[in-house]
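Before any comments, here is the structure.
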2 protein chains.
Amino acid sequence: MKPDEMDAVFAALASEPRRRILDILKKEPGCNVNRVTEFFGDMGRIAVMKHLAVLEGANLVISEKVGRERQLWFNPVPVHMIYDRWTTEFSAYWAGQLARMKYRLENAPVPIDRKKRGGSRG
Amino acid sequence: MKPDEMDAVFAALASEPRRRILDILKKEPGCNVNRVTEFFGDMGRIAVMKHLAVLEGANLVISEKVGRERQLWFNPVPVHMIYDRWTTEFSAYWAGQLARMKYRLENAPVPIDRKKRGGSRG
DNA sequence: TTCATATGTCACCAAAAGGTGACATATAAG
DNA sequence: CTTATATGTCACCTTTTGGTGACATATGAA
């Protein structure tokens, strides 16, 4: 997966309305643009079409024109590819860091022992 | 994980330079801003600081000021959370769709059989 | 043809992202 | 003190994003 493709997928997913569109397409595979628009009370058709264009650019949505309608489909492949990448790329890092940081991850960073900076209190 | 947090994480990851910064921090944990900047020939310090602000906003980077330096750390927790979410949310969908679409995923969408539209010529 | 529907395209606008240089502040070193 | 280093902050600029309405096109129906 090339960097540009990753950019497109992450950027597409970095939007609540777009993630919501994916949910809609998961629930109603093959529905058309106006049907998707119905789910949004605060957004018009053109905005929905732009979001769909972003999603199609990331290959997260596939469309096919049937008559005057455009049928829309969620494509899970890019998500799966990132998922695969993370399992391989990050698992080693997680293992190493988790062993080093134990369960302190969410709480505080682990300062490097460059200089002695007073004792830890508690 | 709230929608806003997901937005922040995905938006932060939707940038090649930012993903590169994370790689740098994985390789050199605790290094400072200027050190990170050295890796970029086409970007200045202020731009790097803005990227770091985005990454910190997504909690993908944690920093700690030590003396006049700012030590930077990669935090894998948000990635892990999305990873976890995907394993649960998408696995069922993948199983169902993969069974239905078989290996045709990358190639073509699967049109719903709403109207009979001539025979497939292949 | 005529009318309704579904989508595509265009110009336009406001806000956010992504970059810069100039300057201020804080710390280390002499 | 002075000087160098590391970072923070500010105004400014350009490009992209995200939204709109008006209008054009394509299809379905009568």
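Labels below follow one simple rule: chain letters A, B, ... track the order of the sequence lines, proteins then strands, and each chain is numbered from 1.
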Worksheet entry | A:N75 side-chain N/O to A:N59 backbone N/O, donor-acceptor pair under 3.5 Å | yes
Worksheet item: Any salt bridge (charged side-chain N to carboxylate O under 4.0 Å, His left out) pairs touching residues 75-84 of chain A, not counting sequence neighbours?
Response: none
Could you state the [atom1]-[atom2] distance from [X] to [N], rounded to the nearest angstrom?
X     : N      : atom1 : atom2 : value
B:R19 : C:dG18 : CZ    : C1'   : 16 Å
B:D7  : C:dA16 : CG    : C1'   : 14 Å
A:M43 : D:dG21 : CE    : C1'   : 16 Å

Discussion item. Applying side-chain contact (heavy atoms from CB on, under 4.5 Å) to B:Y83 and A:T87, what does each step give before you reach the verdict?
Written reply: CA-CA 8 Å; B:Y83 173 91; A:T87 59; 3.3 Å; yes
Discussion item. Can you list everything that forms a side chain to side chain donor-acceptor pair (under 3.5 Å) with B:D23? Sequence neighbours excluded, please.
Written reply: B:K26
For residues 1-13 of chain B, please give each side-chain donor-acceptor pair under 3.5 Å, one per line with the distance, not counting sequence neighbours.
{"residue": "B:E5", "atom": "OE2", "partner": "B:K2", "partner atom": "N", "Å": "3.2"}
{"residue": "B:D7", "atom": "OD1", "partner": "A:R19", "partner atom": "NH1", "Å": "2.7"}
{"residue": "B:D7", "atom": "OD1", "partner": "A:R19", "partner atom": "NH2", "Å": "2.8"}

Discussion item. Using a 4.0 Å heavy-atom cut-off to protein, can you give one letter per nucleotide of nucleotides 1-17 of chain D, 5' to 3': B if the base is in contact, S if only the sugar-phosphate is, - if neither?
Written reply: ---BBSBBB--------
Worksheet item: Can a donor-acceptor pair be found between the side chains of A:S63 and A:E56 at a distance below 3.5 Å?
Response: yes
Worksheet entry | Result of checking B:N32, B:I24, B:L52 against B:L72 for side chain to side chain contact (heavy atoms under 4.5 Å, CB included) | B:L52
Worksheet entry | Axis-to-axis angle between the two ends of the helix from C:dT1-D:dA30 to C:dG30-D:dC1 (five base pairs per end, rounded to 10 degrees) | 20°
Practice prompt. Answer yes or no: does a side-chain N or O of A:H51 lie under 4.0 Å from OP1 or OP2 of D:dG19?
Written response: yes
Please set out all donor-acceptor pairs under 3.5 angstrom arising from side-chain atoms of residues 37-50 of chain A, sequence neighbours excluded.
{"residue": "A:T37", "atom": "OG1", "partner": "A:V33", "partner atom": "O", "Å": "2.9"}
{"residue": "A:E38", "atom": "OE1", "partner": "A:R35", "partner atom": "NH1", "Å": "2.6"}

